[in-house]
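Below: one structure, written as structure tokens.
Just follow the structure's listing: the first ligand is 1, and inside any ligand the first atom is 1. Because the structure is a prediction, the values reported are computed rather than measured.
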Amino acid sequence: MTTTKKAGVLGATGSVGQKFILLLAEHPDFELYKLGASSRSAGRSYAKAVKWRQTATIPQSATELVVVECKASEFVDCDVVFSGLDSDVAGDIEKEFKESGLVVISNAKNYRRAPDVPLVVPLINSSHLDVVARRVKQEKKQGFIICNSNCSTAGLVVPLGALIAKFGDISDVTVTTLQAISGAGFSPGVLGFDILDNVIPYISGEEEKLEWETKKILGSIAEDDSFALRSNMTVSAQCNRVAVSDGHLECVSIKFATPNKPSVEEVKQALRDYVCESQKLGCPSAPKQCIYVLEEDDRPQPRLDRNRDNGYAISVGRVREDPVFDFKFIVLSHNTVIGAAGSGILIAETLFKKGLL
Ligand SMILES: NC(=O)C1=CN([C@@H]2O[C@H](COP(=O)(O)OP(=O)(O)OC[C@H]3O[C@@H](n4cnc5c(N)ncnc54)[C@H](OP(=O)(O)O)[C@@H]3O)[C@@H](O)[C@H]2O)C=CC1
Ligand SMILES: N[C@@H](CC(=O)OP(=O)(O)O)C(=O)O
């Protein structure tokens, strides 16, 4: 008898979708079962439909799967459906899947602000999944949507959450990002001519997402099981696209609300000591260490540090005092792993461990 769960991937041909294929191909709990994309790709084998852009080759288990259209009827046998759909189409498609009783874990922005949808970065707020658990128990029906965050937000909230857990409220945050081109997706993506020898100081909607999503992720669950924003924290973001393939780097400054400030060494130790729920549950993709604190003056760097623990860990470096705020540091996260597909998989692993899949 097979004990693996059947996984569907929507948007399987895209930047996030390709990462799902790689991460799910050898997964101990999930089996690649259905792949969906647009009508341009449907009806063709995955190997023929996809313009593969990963450095690892296409996994054997995906090559001969025939890509289907993103209709719930095609995915009814799936235990979980991961969505890497373009946000122009994700809203209607994911709604249809949910209403058909399917469990959808989405990378798209469409439902992140919905009051009843958990917005989860599994290294920091997997406790928000408890709302889903309670709802499933009460309503006795399985269909629901859980959203991953924006990719640069995923990197930011992990050290912030770890420091809040140890030292209390943070009142002010500034973050300046240097974001990889894979974050812009493949259809059409960033033109080589635009990014070569260049930095683009604007990513549509990104600053607003960092400033708002951070507050939902680090917020609390209200008595009625809605999600309350962390309103006592102000976040100011500036976002830039740089000529890096994968890995978002972020320059962060923070100010604690409390008058008793920790030392730089205490901040570093709190980051190193931080342990998340997926580690405690023994989820197969959980990083060995959530946050690696690097001591070298010139780290973290995208090419050298993005693949720590298979892209599931966050790297923090250059932790030092800030003359305007309290502390400043650099954060690096793999935007298509912990910033996207990997987060979705860790959420599913957590649900699986808790008997919700
Ligand atoms: N890239 C990143 O780092 C992150 C991305 N996200 C979000 O994840 C989602 C996917 O992003 P990304 O992979 O970068 O985007 P891509 O542009 O690379 O991929 C988009 C996918 O959507 C499919 N698609 C497009 N139109 C339709 C349609 N009408 N019906 C069904 N499928 C369709 C495409 O299929 P086809 O090939 O057939 O056109 C493709 O598989 C987006 O919502 C994005 O904002 C979230 C976090 C990080
Ligand atoms: N906008 C991010 C990718 C992303 O996460 O987008 P969204 O928040 O729409 O899912 C980038 O360009 O790097």
Side-chain angles (χ1 to χ4, degrees), residues 8-22 34-44 46 48-54 67-72 74-75 81-94 96-97 104-113 119-121 147-157 177-190 195 200 202-214 216-217 237 239-242 244-250 302 306 311 333-344:
V9 179
L10 305 177
T13 49
S15 172
V16 172
Q18 292 184 24
K19 198 56 90 175
F20 271 123
I21 300 297
L22 279 177
K34 279 275 171 163
L35 306 183
S38 76
S39 53
R40 297 178 288 276
S41 307
R44 305 163 78 191
Y46 185 68
K48 293 223 167 79
V50 72
K51 174 124 175 69
W52 188 254
R53 287 182 166 104
Q54 309 300 311
V67 177
V68 297
E69 289 201 41
C70 297
K71 297 197 167 93
E74 295 276 9
F75 288 76
V81 177
F82 298 100
S83 169
L85 283 172
D86 190 300
S87 58
D88 286 351
V89 296
D92 289 345
I93 294 174
E94 291 172 3
E96 194 225 339
F97 276 56
V104 180
I105 302 180
S106 174
N107 285 272
K109 66 182 178 189
N110 308 61
Y111 294 106
R112 289 182 192 152
R113 291 187 184 227
L119 176 58
V120 175
V121 174
C147 286
N148 289 356
S149 77
N150 162 267
C151 46
S152 42
T153 306
L156 177 67
V157 293
T177 69
L178 294 88
Q179 297 184 217
I181 51 179
S182 60
F186 296 158
S187 44
V190 182
I195 198 70
I200 301 168
Y202 176 66
I203 301 174
S204 175
E206 196 77 359
E207 292 165 356
E208 293 79 0
K209 286 183 220 166
L210 267 158
E211 291 171 4
W212 191 88
E213 291 183 18
T214 299
K216 180 166 177 180
I217 295 161
C239 296
N240 303 283
R241 183 77 66 201
V242 297
V244 164
S245 58
D246 287 320
H248 288 355
L249 199 79
E250 305 180 26
R306 64 191 168 209
S333 56
H334 196 305
N335 55 298
T336 60
V337 183
I338 199 59
S343 260

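- Counting only heavy atoms, the protein gets under 4.0 Å from atom 37 (O) of ligand 1.
- Distances from atom 9 (C) of ligand 1 to the heavy atoms of L35, L85, N107 show the closest one on L85.
- At a heavy-atom distance under 4.0 Å, no atom of T153 approaches ligand 2.
- When only non-hydrogen protein atoms are considered, atom 4 (C) of ligand 2 lies nearest to C151 SG, 3.5 Å.
- At a cut-off of 3.5 Å, with distance as the only test, no side-chain donor of E69 or S39 sits close to an acceptor on the other residue.
- Nearest protein heavy-atom contact of atom 9 (O) of ligand 2 is K209 NZ, 2.6 Å.
- The option with the heavy atom closest to atom 1 (N) of ligand 1, from among S187, S182, S39, is S182.
- Y202 does not carry R241 over the face of its six-membered ring by the limits of under 6.0 Å from the centre and within 45° of the normal.
- Atom 12 (O) of ligand 2 has as its closest protein heavy atom R241 NH2, 2.4 Å.
- Within ligand 2, counting atoms from 1 as listed, the ones closer than 4.0 Å to a heavy atom of H248 are 13 (O).
- Aromatic ring pairs are classed by plane angle as parallel below 30°, tilted from 30° to 60° and perpendicular above 60°; the pair F97 and F75 is tilted.
- Distances from atom 33 (C) of ligand 1 to the heavy atoms of S38, A12, G36, A180 show the closest one on S38.
- Considering both main-chain and side-chain atoms, G183 comes within under 3.5 Å of ligand 2 through a nitrogen or oxygen pair.
- At least one heavy atom of S87 sits less than 4.0 Å from an atom of ligand 1.
- By heavy-atom distance, the residue among C147, G185, G11 lying nearest atom 15 (O) of ligand 1 is G185.
- Between the choices G344, C151, A341, the shortest heavy-atom distance to atom 48 (C) of ligand 1 belongs to C151.
- Counting protein heavy atoms only, atom 10 (O) of ligand 2 is closest to R112 NH2, 2.6 Å.
- Closest to atom 1 (N) of ligand 2 among all protein heavy atoms lies E206 OE1, 2.5 Å.
- Contacts between V89 and ligand 1, counted as non-hydrogen atom pairs separated by less than 4.0 Å, involve the side chain only.
- The protein heavy atom nearest to atom 39 (O) of ligand 1 is R40 NH2, 2.7 Å.
- Geometrically, ligand 2 and S149 share no nitrogen or oxygen pair separated by less than 3.5 Å.
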